[in-house]
Amino acid sequence: MLAIYRKELKSYFITPVGYVYVGIFLALTALIFCYTTLISNSYDTTSYFSMMIFTFVVLIPLLTMKLFSEEKKLRTEQMLLTAPVTITGMVFGKYLAALTMFVGSVLLSCINFIPLYAVANQERAEAASNAIHIGPSGAQIIGSLIGVILVGAAFIAVGMLISTLTENQLASAVLSVAILLLMIVLGFVNNFISNYAVRFIIDWISVLSRFASFGYGRFDFAALLYYLSLTSVFIFLTIRVYEKRRWG
Amino acid sequence: MIKIEHLVKNYGNFCAVDDISFSVEAGEIVGFLGPNGAGKSTTMNMLTGYLSSTAGSISIAGIDILENPLEAKKKIGYLPEQPPLYMDMTVEEYLNFAYDLKDCKYDRKKHIAEICEVTKITDVRKRLIKNLSKGYKQRVGIAQALINNPPVIIFDEPTIGLDPKQIIEIRNLIRNLGRDHTVILSTHILQEVQAVCDRIVIINKGKVVADEKTENISRAIDQSRRFNVKICGPQREVLAMLKEKSGIIYAEALAERDGDAYTYMIESAVGVDIRKSLFYTLAEKNWPLIGMEALGMSLEDIFINIVDKSNERKSLRGEKEKGYRPGKAGMEKQIAADIMKNTAENQKNDNN
């Protein structure tokens with residue numbers, strides 16, 4: 001598993017995909033940061049983080065599109081599957097590599113907060129010494145980071161499953177974008193549906209609705225559990241796809 | 001070393017491998033033959049644990065591949081039909097990855113250098129795999145299969161697409177590997193099998209139709225009893241004489257003509273060397289013998305016959321087996337039939 005993890009991580013930087021991903025991720029998050037928090041002249045990061053999730057729709061397929069589709073096309077999966085590695089090990093190796101890239105880029109994007117804290121320090125110095133409430137809320141930022149990473153983890157699992165279904169990287173990417181978009185948009189559609197049962201089901205699928213409480217700096221265990229189970233369902237399905245293929 | 005018992009693989013309603021059983025001893029090089037779609041690759045994929053079987057069991061060095069896949073896979077090196085190469089890696093990176101993937105525990109640098117030496121890829125170690133020629137790619141694939149020093153090595157058409165020199169090199173390599181490894185080699189190049197393998201297993205339509213030592217087949221082939229003879233003389237009379245002569249069981253005039261010499265094909269009875277007595281008979285009759293050529297048989301002919309026959313057997317099940325008929329390709333048919341009969345008997349004995 002470790003060998004596959006390392007190989008996968010390395011392959012992001014052998015090909016341009018890794019650089020493109022990190023570059024676009026940082027550029028987009030910086031842009032969003034400018035147009036939300038900075039432009040509104042506040043310390044509030046709620047809209048920054050919820051906007052960030054929309055960039056995942058395009059960016060996460062970049063990470064996941066080649067995970068399995070390329071192996072299938074080059075027939076290298078034969079090497080992985082005949083090596084002394086379990087299917088679960090192989091899937092987790094790949095998943096964790098994509099997750100590492102994602103978490104790394106999210107952490108890198110934290111440089112956006114530097115101006116925020118710089119301004120806060122300055123304001124605090126100018127204001128009276130008892131004005132400790134000036135500045136960004138650490139709880140809000142850390143909570144949102146955790147939330148964003150959980151959403152991303154689930155999205156990566158979705159993208160990974162889709163990449164097992166096709167040999168074509170482009171098809172895998174396009175399909176992933178479509179499905180991730182659907183998962184996000186469903187939350188908005190819900191506002192227009194009056195039937196309770198349908199709302200309940202859509203609410204379960206909709207990823208965005210659970211994210212809100214992280215933005216208030218509240219740690220929501222139900223949401224944590226939701227994202228973790230969503231992620232495991234898709235990882236499990238990926239493993240099943242491979243098991244199924246073996247039993248052909 | 002390898003034991004396959006009643007292996008079956010169904011794809012939906014299609015039966016790709018139908019009750020195959022055979023075993024391979026340690027140090028044996030077995031050639032695995034069959035026409036396209038016979039189930040060779042499917043069998044190999046099951047052997048290596050890439051596919052699972054519908055029924056039956058496979059054990060590698062005593063370890064069942066379904067019960068303990070990780071341990072069994074450690075004992076196998078596999079080169080699939082298309083070598084599983086990551087084009088964006090250099091040869092060295094790739095072999096390092098294979099080393100880690102297969103959980104090897106040797107002195108890494110030294111071991112990889114050794115493998116490169118054996119497969120003759122030391123010169124290209126720093127190059128990107130996608131820039132290598134096909135022959136080198138194939139060798140990198142072989143290096144990958146050898147890296148965990150497995151007791152069992154499985155090659156699926158290892159020489160396909162190589163130039164003649166490379167083919168010979170790879171064959172030599174395989175023969176050397178056969179000294180301390182068990183090798184299964186699938187191919188449809190028959191000279192390759194003859195040159196490299198100790199044993200030949202032929203499968204057709206998912207069944208083992210022949211399983212014989214290469215030397216036995218070669219010996220059968222060497223006992224050619226068929227000749228093309230060129231004799232000057234009246235064609236009809238010569239042919240009549242040839243047909244009547246004791247020791248000749250079949251004679252046929254061929255359409256070839258050279259002045260007043262005609263060509264005939266004759267076949268002698270088993271255990272008779274017809275050449276001398278034929279010469280004296282002709283001398284007596286004053287018909288000069290101006291050419292005599294032993295007609296060799298090739299593994300190709302036997303292979304084709306075995307495959308044809310196994311096809312026939314399926315379509316005409318229940319029809320009485322035809323005996324030996326001399327003439328064109330009669331002997332190949334006979335040898336093919338003998339081999340198939342032996343195989344069937346051995347299988348029956350194994351079952352009992």
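Every chain is numbered from 1 and lettered A, B, ... according to where its sequence line falls, protein lines coming before strand lines. The structure displayed is predicted, hence computed values, not measured ones.
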Chain A interface, residue from [options] that has the most non-hydrogen pairs under 4.5 Å:
{"options": "B:Leu70, B:Leu79, B:Leu85, B:Asn148", "value": "B:Leu70"}
{"options": "B:Asp100, B:Asn96, B:Leu101, B:Thr48", "value": "B:Leu101"}
{"options": "B:Pro69, B:Ala145, B:Gly49", "value": "B:Gly49"}

- Message: For B:Tyr99 together with B:Tyr94, are the ring centres under 6.0 Å from each other?
- Response: no
- Can the ring centroids of A:Tyr48 and A:Tyr35 be said to lie less than 6.0 angstrom from one another? no
- Residue pair B:Asn45, B:Tyr78: steps toward the side-chain hydrogen bond (donor to acceptor under 3.5 Å, both in side chains) verdict: CA-CA 9 Å; B:Asn45 281 334; B:Tyr78 180 37; 2.8 Å; yes
- Task: Would you mind checking if B:Lys105 and B:Asp103 are paired as a salt bridge, meaning a charged N to carboxylate O distance below 4.0 Å?
- Result: yes
- Do any N or O atoms from the side chain of B:Asn176 and from the backbone of B:Leu173 form a donor-acceptor pair under 3.5 angstrom?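 Not confirmed, B:Asn176 side chain does not pair with B:Leu173 backbone.
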- Under 4.5 Å, heavy atom to heavy atom: which of residues 5-27 of chain A reach chain B? Give them by number, or say none.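 Residues A:Arg6, A:Lys7, A:Lys10, A:Ile14, A:Thr15 are the ones that qualify, each having a heavy atom under 4.5 Å from chain B.
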- Message: Checking an interface table here. Which of residues 67-77 of chain A come within a heavy-atom distance under 4.5 Å of chain B?
- Response: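 Residues in range: A:Glu71, A:Leu74, A:Arg75, A:Thr76, A:Glu77.
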- Task: Report the C-alpha distance between B:Phe22 and B:Ile2 in whole Å, list the side-chain angles of each, state the deciding distance to 0.1 Å, and finish with yes or no for side-chain contact (heavy atoms from CB on, under 4.5 Å).
- Result: CA-CA 8 Å; B:Phe22 66 93; B:Ile2 303 171; 5.9 Å; no
- Query: Where do B:Glu169 and B:Lys120 land on the salt bridge (charged side-chain N to carboxylate O under 4.0 Å, His left out) test, with the steps shown first?
  - Reply: CA-CA 10 Å; B:Glu169 280 173 10; B:Lys120 299 201 176 109; 5.4 Å; no
- Item | Pair A:Tyr226-A:Asp220, side-chain donor/acceptor within less than 3.5 Å | no
- Task: Please state whether the side chain, the backbone, both or neither of B:Thr54 comes within less than 4.5 Å of a heavy atom of chain A.
- Result: neither
- Query: Which residue pairs satisfy the salt bridge (Lys or Arg N to Asp or Glu O under 4.0 Å) criterion with at least one member in residues 56-74 of chain B, sequence neighbours excluded?
  - Reply: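 Output for this query lists B:Glu71-B:Lys74.
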Side-chain atoms of residues 130-138 of chain B: list all donor-acceptor pairs with protein atoms under 3.5 Å, sequence neighbours left out, distances to 0.1 Å.
residue  : atom : partner  : partner atom : Å
B:Lys130 : NZ   : B:Asp88  : OD1          : 3.2
B:Gln138 : NE2  : B:Pro158 : O            : 2.9

- Start with the C-alpha gap between B:Glu192 and B:Thr159, add the side-chain angles, then the distance that decides, and say whether side-chain hydrogen bond (donor to acceptor under 3.5 Å, both in side chains) holds. CA-CA 9 Å; B:Glu192 191 159 290; B:Thr159 56; 2.5 Å; yes
